K.L.:
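My structure is below; once you've seen it, I'll send some questions.
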There are 2 protein chains.
Amino acid sequence: MARATATTAKANTRKAQAAETRAALLAAARRVFSERGYLNTKITDVTAAAGRSTGSFYEHFADKEQLLQAMIAEMEASADAHLAQHDHPNDHDLTDRAQLREHIAIAWTVMREHRPVTVAQFQSMIAADPGSGRAWQSLLEQTTTLREHLEYSRAQGHPLPGEPQLIAAAIGAMLGMLGYATPATVQPKDDDRIVDALTDLLHSGLTGPRQTSPQ
Amino acid sequence: MARATATTAKANTRKAQAAETRAALLAAARRVFSERGYLNTKITDVTAAAGRSTGSFYEHFADKEQLLQAMIAEMEASADAHLAQHDHPNDHDLTDRAQLREHIAIAWTVMREHRPVTVAQFQSMIAADPGSGRAWQSLLEQTTTLREHLEYSRAQGHPLPGEPQLIAAAIGAMLGMLGYATPATVQPKDDDRIVDALTDLLHSGLTGPRQTSPQ
DNA sequence: GTCTATATATGGATAGAC
DNA sequence: GTCTATCCATATATAGAC
């Protein structure tokens, strides 16, 4: 079948077409990953969804793993731009409810907005050999900032439930797993409900000072 | 190579040998799953580790999934026997620190003692198509008891951070993911440290009433 | 019931024309 | 750069002898 070779106003140069194909593959991967996930998706699924050929795929990516890396790079660029709007000094105090909520909300929003990528990344991590320790390593890496904030809080005199590294990993585990498992169909207001609940749970736990419901 | 056909005192009946082979396959699967995990393990990896043939495998299990189901059944039988030692009435109050810790400790211990199985089960769940909602469904199922306890606590007048179902899922997500990611090499005393930290975090959160360290 | 040997299916990856 | 056609590696599952 004939495929549009210049759907945009861009000049139909060889270079521009390559970029177009690459973008089409990335976009198709996002679509396919959100349904079938990363592990069950075959290269041919992506190329079929993009309307390209298998051979063309390998002109842009060495394999499926490299495709995922490119998607992660895109996401991080986008997330960094988003984060630049907020100030993120190191001296955050996560024992302050508002600041804790802000962090949870940002993490949750990024996971939601880039769901196909985070889902794929999560699957890829889990599929690694358990003996390799990659899951633990990944958990530590993704919670580095969180850990630093906790260390700061502790230095300020707030005693923590445990070592900052462990607490950060626990929180990261909760957010990551919940973000993966939560259906894509939840509404924005549910997102708020979830962020509020997680914030309260992590801020003051199950016994924190909350008003008893009126009954 | 010659393989022992009657390593035990049992009579070498056809039936006994079948049971022996089945047990050998299950034991081999535990060993292999703990290193390479469930997803990356091939049927031939299991049979090779068990010293049996591929053809023999299919005499006992229809496929890898059924092998895992058999391992889960074994684990649940073992866990139930273990749980029978404690009383588990429905009227537990997880806002009580000791009772919360008990629950976390049991969950953590089961995950540790049956690590190959829980790891395999976790991988199998994650590998399912994200669009199927299996991860969310699994999370709800595995936290049913937890949810009931939380509902009880709430009925007793303890306000929770959110809906019991969501809070239970969040706690389950934390425990499940952390149990998966935590290296198999941690020492028993580290297990205690982890259980204590998680208990404190979930009980009173990051700001709960704890003594400031002497400094 | 267990074995060896093999059929079958799948998907990753490449060659060469356009 | 993109395509079609194809090679090739891998793993599931079965057939048939013992």
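Letters A, B, ... mirror the listed sequences (proteins, then strands); counts begin at 1. Quick caveat: nothing in here was measured; it's all calculated off a predicted structure. When reading the values below, keep in mind they use all heavy atoms of this one structure, side chains included, and skip hydrogens, waters and symmetry mates.
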K.L.:
Does the distance from a Lys or Arg side-chain N to an Asp or Glu carboxylate O, for A:Glu35 and A:Arg31, drop under 4.0 Å?
P.N.:
no

K.L.:
What is the distance from OH of A:Tyr58 to C1' of D:dC3, rounded to the nearest Å?
P.N.:
15 Å

K.L.:
Ion pair present between A:Asp45 and A:Lys42, side-chain N to carboxylate O less than 4.0 angstrom?
P.N.:
no

K.L.:
B:Leu25 CG to C:dC3 P: how many Å, rounded?
P.N.:
9 Å

K.L.:
Are any of the side-chain nitrogens in A:Asp200 or A:Arg97 under 4.0 Å away from the carboxylate oxygens of its partner?
P.N.:
yes

K.L.:
Heavy-atom nearest nucleotide on DNA chain C for B:Ala18 versus A:Asp63: which residue maps closer to 5'?
P.N.:
B:Ala18

K.L.:
Any carboxylate oxygen within less than 4.0 angstrom of a Lys/Arg side-chain nitrogen, looking at B:Glu74 and B:Arg30?
P.N.:
yes

K.L.:
Counting only side-chain heavy atoms from C-beta out, which of C:dT2, C:dG12, D:dT2 sits nearest to B:Gln17?
P.N.:
C:dT2

K.L.:
Could you check how far CZ of B:Phe57 sits from P of D:dA11, rounded to whole Å?
P.N.:
15 Å

K.L.:
Return the value, rounded to whole Å, for the distance between atom NZ of A:Lys42 and atom C1' of D:dA11.
P.N.:
12 Å

K.L.:
Considering only side-chain heavy atoms of A:Thr54, which listed nucleotide, C:dA13, D:dT2, C:dG1, is closest?
P.N.:
C:dA13

K.L.:
For the side chain of B:Ser56, counting heavy atoms from C-beta on, which of C:dT2, D:dT2, C:dG12 is nearest?
P.N.:
C:dT2

